[in-house]
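See structure below.
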Amino acid sequence: MEKKINYIKIEKDKFSKEYGLFLRQIKKYTKIGVFRHIMPDFDALGTQFGLATWLKENFPDKDIKIFGDNHVTFTPRGLFPETDKVSDSWFDDFLAIIVDVGDKKRIADPRFEKAKYKIKIDHHPQTDNIFDLTIVDTSKAAASEIVANLLLSYEPTYKVSTLAARYLYIGLVGDSGRFLYSSTTPHTFDISSMLVAKGLNITEIYGLMYEKNIHDLEITRFILNNFKVSPQGVAYYVLNNDDLIRLGMTSERGKENVNLFSNIKGIKIWCSITEDVTEPCYRISIRSRDYTINGVASEFQGGGHAQASGCQIKDLSELDRFISRLDELILTGK
């Protein structure tokens, strides 16, 4: 009989030093702030709230805070509670844990820099060497997958509750594309199984994650009426600020429909291109099945994963060059 592989132990052995240091710093500090990236997605919020919940439940004497902007739809929908609002005086002699963000500029609250000790847990390539401890594995589907492995490895001394598991599962489902992306591995499924075993109602979770309303159908109709496909099979839609106002959308929601094109024969790469007047720029989300797109993303002030990346262009005068570059990738493979 084939022996079952303990994937959690493999990761624990790989990061044994880091796991020990992480727990040591948790015990050392009274105040702990958990941070993630701006314009959060399922993984950023799921990892952040999952970790913070675990900290609050296992270390009730600690002052745990969750920082960053609330999500325009996930928060009111009930997937996640609101983040904490505290004065600048709180940021003294505290530990910062930053999850799911590769670039210092994208950390949602800049006050993380005041921390006495900084820990980063992530699955993006590291771009800033400003952390005292890093637990980074770019082969994992989600930051929540890494954090879940970390927390589950401390059982039975420190428990992962149903609520903490729920948040982490949301993050893992979101960033793995419901386990469809190529970054999904046996470890991903092993972690998912252990989280579900904590008593999760996955029907309720999926219902909240992918809930739509009648207004959302109007947005979908607009996109389907206005998308374009390049000669080599790059599908994309553009939402400028006037479109967002007309549709009653915020720029954060622009990428929500990008996967409408994920299973269409002849479409090889698909993108959402959304104006953000606060920068100003157009933010781009890129997805693919068979092509490694993060290299192209890095050429346009971005980066990310092999089949799921993000970048930006200053204005639409750069759009043709961006789409042509993706066409070139399809033709040449680079």
Side-chain angles (χ1 to χ4, degrees), residues 22-23 25-122 128 130-133 135 142-144 146-148 150-151 154 158-172 174-175 205 208-209 250-253 278:
F22 174 85
L23 194 56
Q25 296 304 318
I26 296 298
K27 293 177 177 179
K28 177 179 178 180
Y29 285 89
T30 300
K31 292 191 290 185
I32 303 172
V34 187
F35 300 78
R36 40 74 180 167
H37 62 73
I38 59 173
M39 301 179 70
D41 54 11
F42 287 126
D43 191 30
L45 288 165
T47 306
Q48 182 184 39
F49 277 96
L51 175 57
T53 299
W54 180 86
L55 288 167
K56 289 177 180 181
E57 292 174 344
N58 287 283
F59 301 91
D61 58 322
K62 307 289 184 182
D63 182 7
I64 313 297
K65 300 296 184 189
I66 302 168
F67 296 109
D69 44 325
N70 292 309
H71 194 278
V72 64
T73 58
F74 297 168
T75 305
R77 200 185 299 173
L79 276 167
F80 305 101
E82 293 189 354
T83 53
D84 295 308
K85 308 299 179 189
V86 300
S87 66
D88 290 345
S89 61
W90 186 90
F91 294 88
D92 176 47
D93 193 26
F94 75 101
L95 168 66
I97 306 175
I98 301 99
V99 300
D100 194 40
V101 53
D103 189 337
K104 168 187 170 182
K105 295 180 294 186
R106 300 195 71 236
I107 299 174
D109 192 319
R111 292 176 293 182
F112 83 92
E113 294 199 71
K114 298 181 179 181
K116 288 290 182 67
Y117 196 93
K118 303 177 185 69
I119 299 174
K120 170 179 167 160
I121 308 175
D122 194 18
D128 298 301
I130 61 169
F131 305 98
D132 301 289
L133 172 64
I135 303 175
S144 52
I146 300 170
V147 168
L150 171 69
L151 304 186
Y154 293 132
Y158 301 102
K159 298 289 187 180
V160 176
S161 69
T162 301
L163 182 59
R166 179 182 184 273
Y167 290 138
L168 292 168
Y169 185 78
I170 289 170
L172 187 48
D175 243 29
I205 289 172
L208 285 173
M209 286 180 72
T250 61
S251 60
E252 295 98 317
R253 297 193 61 197
T278 64

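Along the sequence shown, residues are numbered consecutively beginning with 1.
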Please determine whether side-chain contact (heavy atoms from CB on, under 4.5 Å) holds for the pair Phe80 and His71, giving the CA-CA distance in whole Å, both sets of side-chain angles, and the decisive distance to 0.1 Å.
CA-CA 9 Å; Phe80 305 101; His71 194 278; 6.0 Å; no
Identify the two heavy atoms, one from [X] and one from [Y], that lie closest to each other, and give their separation to 0.1 Å.
X: Asn70; Y: Pro81; result: OD1-O, 4.2 Å
X: Ala142; Y: Leu172; result: CB-CD1, 3.9 Å
X: Asp88; Y: Arg111; result: OD1-NH1, 2.9 Å
X: Ala44; Y: Val99; result: O-CG2, 4.3 Å
X: Asp69; Y: Met39; result: OD2-N, 3.5 Å
X: Leu79; Y: Tyr167; result: O-CE2, 3.5 Å

Is it true that a side-chain atom of [X] and a backbone atom of [Y] form a donor plus acceptor pair closer than 3.5 Å?
X: Asp43; Y: Ser144; value: yes
X: Asp84; Y: Phe67; value: no
X: Lys31; Y: Phe91; value: no
X: Glu252; Y: Pro40; value: no
X: Asp63; Y: Thr30; value: no
X: Asp109; Y: Gly68; value: no

Ion pair check, Lys116 and Asp93, cut-off under 4.0 Å
yes
In Å, rounded to the nearest 0.5 Å, how long is the span from [atom1] of [X] to [atom2] of [Y]?
X: Ile170; Y: Asp41; atom1: CD1; atom2: CG; result: 12.0 Å
X: Leu168; Y: Thr47; atom1: CG; atom2: OG1; result: 6.5 Å
X: Met209; Y: Phe42; atom1: CE; atom2: CZ; result: 4.0 Å
X: Asp103; Y: His37; atom1: CG; atom2: NE2; result: 11.5 Å
X: Lys104; Y: Glu113; atom1: NZ; atom2: CD; result: 4.0 Å
X: Lys120; Y: Phe35; atom1: NZ; atom2: CZ; result: 15.0 Å

Which residues pass the ring pair (Phe, Tyr, Trp, His ring centres under 6.0 Å) test with Phe112, not counting sequence neighbours?
none
In the structure I gave you, are the side-chain heavy atoms of [X] and [Y] within less than 4.5 Å of one another anywhere?
X: Ile97; Y: Ile26; result: yes
X: Tyr154; Y: Val160; result: no
X: Ile66; Y: Gln48; result: yes

Where do Arg36 and Asp122 land on the salt bridge (charged side-chain N to carboxylate O under 4.0 Å, His left out) test, with the steps shown first?
CA-CA 10 Å; Arg36 40 74 180 167; Asp122 194 18; over 6 Å; no
Hey, can you pull the donor-acceptor pairs under 3.5 Å for the side chains in residues 53-60, sequence neighbours left out?
{"residue": "Thr53", "atom": "OG1", "partner": "Phe49", "partner atom": "O", "Å": "2.6"}
{"residue": "Trp54", "atom": "NE1", "partner": "Lys159", "partner atom": "O", "Å": "3.4"}
{"residue": "Glu57", "atom": "OE1", "partner": "Ser161", "partner atom": "OG", "Å": "2.6"}
{"residue": "Glu57", "atom": "OE2", "partner": "Ser161", "partner atom": "OG", "Å": "3.2"}
{"residue": "Asn58", "atom": "OD1", "partner": "Lys159", "partner atom": "N", "Å": "3.0"}
{"residue": "Asn58", "atom": "ND2", "partner": "Trp54", "partner atom": "O", "Å": "2.9"}
{"residue": "Asn58", "atom": "ND2", "partner": "Lys159", "partner atom": "O", "Å": "2.9"}

Neighbour count above 12 (heavy atom, 6.0 Å) for Lys85 NZ:
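It does: Lys85 NZ has more than 12 such atoms within range.
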For Phe94 and Tyr29: C-alpha separation, side-chain torsions, deciding distance, then whether ring-ring contact (aromatic ring centres under 6.0 Å, His included) applies.
CA-CA 6 Å; Phe94 75 101; Tyr29 285 89; 8.3 Å; no
